[in-house]
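The structure under discussion appears below in the form of structure tokens.
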Amino acid sequence: MTRRDLLQKVLIGGVTFLVLPPVLNSCSKDDNPDGTGNPPPGDKLNLDLTTPTFAALNNAGGFVITTQGILVANTPAGYVAIDSTCTHQGCTIGYSSTANNFPCPCHGSIYSVTGAVVNGPATVALKSYSVSKSGNILTISL
Ligand code: FES
């Protein structure tokens, strides 16, 4: 192998090394360019109420947590969709149909159905999403 052959192999290898990382990054599951891993704003999530996964939403006081981490509840004021991650330290909140609010089991924070903090230690509101219903399909606008 000549010195020229060696330099060509090193240069081609270097180019491959420099080009490969952007190609690998394009395979990332994070479709949102903000890097949060959350679904991009403007996306819609459809929940079919005829499926067992979402059947609880057919009952007053029923709720589910989607694989996207959105808690959807059937409240007296209609369907509510809210981020299920407590803003205090990240526990998963639930829905209390008797109190009509979202309590956190870890340290006692309570959120209203709008996501506002009713009781700390959390100080930051939960993100809420608009929900519409057409037939048996609930659509959550992310
Ligand atoms: S994590 Fe929810 S109150 Fe602390």
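In listed order, ligands and their atoms are each counted from 1.
Between the side chains of Y95 and N100, a donor-acceptor pair is found at a separation under 3.5 Å.
The set of protein atoms (N, O or S) found at less than 2.8 Å from atom 2 (Fe) of ligand 1 reads C86 SG, C104 SG, by chain and number.
For the cysteine pair C86 and C104, the distance separating the two SG atoms is not below 2.5 Å.
With rounding to the nearest 0.5 angstrom, the OG atom of S132 is 8.0 Å from the CG atom of N46.
Of the residues listed (I70, V80, V113, I82), the one engaging S128 in a side chain to side chain contact (heavy atoms under 4.5 Å, CB included) is I82, and it is the only one.
Taking both residues in full, the closest heavy atoms of T87 and V124 are given as OG1-O, 2.5 Å, listed atom of the first, atom of the second, then distance.
Applying the ring-ring contact (aromatic ring centres under 6.0 Å, His included) test to residues at least two apart or on different chains, the pairs with a partner in residues 54-88 are H88-H107.
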